[in-house]
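Each ligand, and each atom within it, is numbered from 1 in the order the structure gives.
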Amino acid sequence: MPTLANALLDALKAHGANEIFGIPGDFVLPFFKVIEKSGTLPYFTLSHEPAVGFAADAASRYHGGLGVAVVTYGAGAFNLVNSIAGAYAERSPVVVIAGAPGARERTSGYLLHHQVRTVDSQLAVFKEVTCAQAVLNDPATAPAEIARVLRSALELSLPVYIELPRDMVDAQVEPVVRLPRREADPGALAECCDEILGRIAKAASPVMVVDIEIRRYGVEKDVAALARKLGVPVVTTFMGRGLLEGEDVVAGTYLGAAGDPALSALVENADLVLMFGVILCDTNFALSNNMTDPRRTVLATGREVQIGHHVYRDLPLADLVAGLDARAAQQPQRPRNSGNGISYPRGLAADSGAIAPSDIATAINDLFDRHGAMPMTADIGDCLFTAMEIDNTALAAPGYYAGMGFGVPAGIGVAMTGLRPLILVGDGAFQMTGWELGNCKRYGLDPIVVLFNNCSWEMLRVFQPESKFNDLDDWHFAQVANAIGGVGERVATRAELAVALDRAVERRGVFSLVEVMLPRGETSHTLARFVTGFKAARERMK
Ligand code: TPW
Ligand code: MG
């Protein structure tokens with residue numbers, strides 16, 4: 001019989017975990033020892049638990065399996081809450097494994113260090129931000145409990161919580177037996193598919209809107225194939241930017257009033273909107289007026305399919321896409337009123353002019369033309385809006401939850417999956433989690449960081465220009481980079497920017513930080529349009 005620690009590690013691997021991120025503490029030291037000794041999964045420690053959660057989340061977004069975050073009791077686990085909240089909001093299946101006191105400590109009569117109100121306050125908090133929880137305090141039930149929560153993580157694509165009391169690590173248990181995936185009821189699936197195909201047949205101008213769940217459930221290619229077969233154009237949401245990279249069915253990213261007018265018209269004038277894996281949130285749709293109209297909408301999300309005013313429950317997205325594909329007949333491509341008409345800016349003038357945010361997009365498009373596209377992560381800030389002006393390239397970003405501090409640790413997580421990411425981050429967000437780059441050296445990671453340094457919380461300034469608290473100091477981040485094992489370059493002109501990016505691509509083995517100096521008060525074209533649209537929408541609500 002394996003020990004509980006080994007059974008848990010084997011189960012994680014069998015359920016699609018590729019690596020572990022964590023920070024140890026005494027309540028989880030015995031488990032870390034087994035992580036290291038067993039070699040079941042590679043593991044990476046970072047500096048602060050929020051980054052552990054962001055890295056695990058982003059790694060999972062990129063490789064499509066489970067993310068794993070291992071932390072100690074209380075102080076460690078509570079530090080992780082915000083990243084797991086973000087993973088929940090954005091449907092990322094991160095497995096939290098938190099250390100906890102052993103049975104004897106629980107009844108010792110002392111308050112334990114890291115304890116808050118009760119010994120179980122930690123469990124109570126994580127219940128709010130995970131879809132299933134297991135406390136492994138009984139060797140007889142632990143394997144089944146592990147199987148139950150890991151299946152939920154995969155089926156719902158949401159975080160789960162596993163609490164491992166420190167005296168249980170070496171308990172002898174049965175191996176974990178993976179539970180079968182719960183499929184759609186065949187009758188419900190057939191009825192649902194027929195209904196949707198019937199709607200499509202009657203529609204004059206259908207459009208497909210896709211969002212992150214198509215990646216979470218590994219059906220991007222199938223969705224593209226289905227769209228091709230149905231002859232329906234596809235757009236991604238803001239949150240779903242980067243999906244279907246390189247697929248010719250993608251007409252662009254729907255940004256409502258902030259986006260390309262022809263593309264927005266394609267979506268807003270459609271008589272049928274097929275929403276696959278979509279988060280119906282304000283960042284995706286606040287700049288539209290009819291995206292929640294059920295009469296023209298089919299919404300497949302969260303294992304449910306809503307057509308008009310009724311819902312099919314327990315209908316996994318993968319089954320729906322396969323079911324539609326099996327039943328659909330090949331359609332001629334419908335004429336597009338907006339084809340792949342969006343062209344992203346290229347050909348940056350390499351002159352001594354000051355850099356504007358949108359110039360960074362141009363420079364990156366040029367860079368990708370020269371060296372090939374790189375997978376990206378972005379923080380929240382103008383950097384994410386600037387990303388909308390870069391070619392549709394794989395991207396992980398908190399486009400809905402909008403938690404600052406995601407970009408750099410997410411990029412480190414992506415780098416640990418074996419890719420070389422390009423990280424977009426603002427100075428404010430970098431102040432939160434940029435230090436994590438110091439961990440690249442130990443692991444030989446060489447991400448490229450493009451830091452938008454406007455010495456400002458610019459996204460707040462655009463909403464409230466009169467406030468002085470949005471002014472930040474100049475922290476000279478490029479110099480910091482050199483001190484923590486990377487190479488930093490500060491650039492202030494377009495010529496310097498292009499050269500520094502090229503140098504960064506060629507520099508291997510250490511992280512590169514290109515600190516782009518931007519004037520306060522300037523934003524990307526996309527953010528400027530977004531803010532105008534947002535303010536107008538707010539006025540309409542008054
Ligand atoms: C964890 C609120 C949203 S955007 C922003 C703040 C403070 C400013 C970002 O500054 P940065 O980028 O990174 O320099 P830029 O382009 O605007 O200059 N705390 C958290 N998350 C959010 N979203 C906020 C505060 C916020
Ligand atoms: Mg800033």
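Remark: Arg442 CZ is packed, more than 12 non-hydrogen atoms of other residues, nucleotides or ligands lying under 6.0 Å away. Counting non-hydrogen atoms of other residues, nucleotides and ligands closer than 6.0 Å to CD of Glu506 gives a total above 12.
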For this session: Begin from the C-alpha positions of Leu424 and Phe452 and carry the test side-chain contact (heavy atoms from CB on, under 4.5 Å) through to its verdict.
Result: CA-CA 8 Å; Leu424 308 178; Phe452 291 51; 4.3 Å; yes
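Between Lys441 and Asp446, no side-chain nitrogen of the basic residue sits less than 4.0 Å from a carboxylate oxygen of the acidic one, so the salt-bridge criterion is not met. Checked for salt-bridge contact, Asp57 and Arg61 meet the test: a charged N lies under 4.0 Å from a carboxylate O. Taking a cutoff of 4.0 Å between a charged side-chain nitrogen and a carboxylate oxygen, Glu496 and Arg490 do not qualify as a salt bridge. Taking 4.0 Å as the cut-off between side-chain N and carboxylate O, Glu489 and Arg507 count as a salt-bridged pair.
The residue from Met404, Gln431, Met432, Glu458 that puts a heavy atom closest to atom 15 (P) of ligand 1 is Glu458. Nearest-residue assignment for atom 18 (O) of ligand 1 (options Gly428, Ser456, Gly405, Ser524; heavy-atom criterion): Ser456. If you check each of Phe463, Phe406, Trp457 against atom 10 (O) of ligand 1, the one with the closest non-hydrogen atom is Trp457.
Where the criterion is an N or O separation shorter than 3.5 Å, residue side chain and backbone included, Met459 meets it with respect to ligand 1.
Each ring-ring contact (aromatic ring centres under 6.0 Å, His included) pair with one or both residues in residues 373-415, not counting sequence neighbours, appears once here: Phe54-Phe406, Phe238-Phe385, Phe385-Phe530. Judged as a side-chain hydrogen bond (donor to acceptor under 3.5 Å, both in side chains), not a single pair has a partner in residues 425-435 (not counting sequence neighbours).
When hydrogens are left out, the protein atom nearest atom 23 (N) of ligand 1 is Ala402 O, 2.8 Å; that is the closest non-hydrogen contact.
For Val425, no heavy-atom contact with ligand 1 is shorter than 4.0 Å.
Counting only distances under 2.8 Å, and ignoring water, the protein N, O or S atoms around the Mg ion (ligand 2) are Asp427 OD1, Asn454 OD1, Ser456 O.
With sequence neighbours left out, the side-chain contact (heavy atoms from CB on, under 4.5 Å) criterion links Pro375 to Tyr62, Leu419.
Under the 4.0 angstrom criterion for non-hydrogen atoms, Leu460 is in contact with ligand 1.
Less than 4.0 angstrom separates some heavy atom of Ala429 from each of these atoms of ligand 1: 11 (P), 13 (O). Near Asp382, meaning under 4.0 Å from one of its heavy atoms, ligand 1 places the atoms 15 (P), 16 (O).
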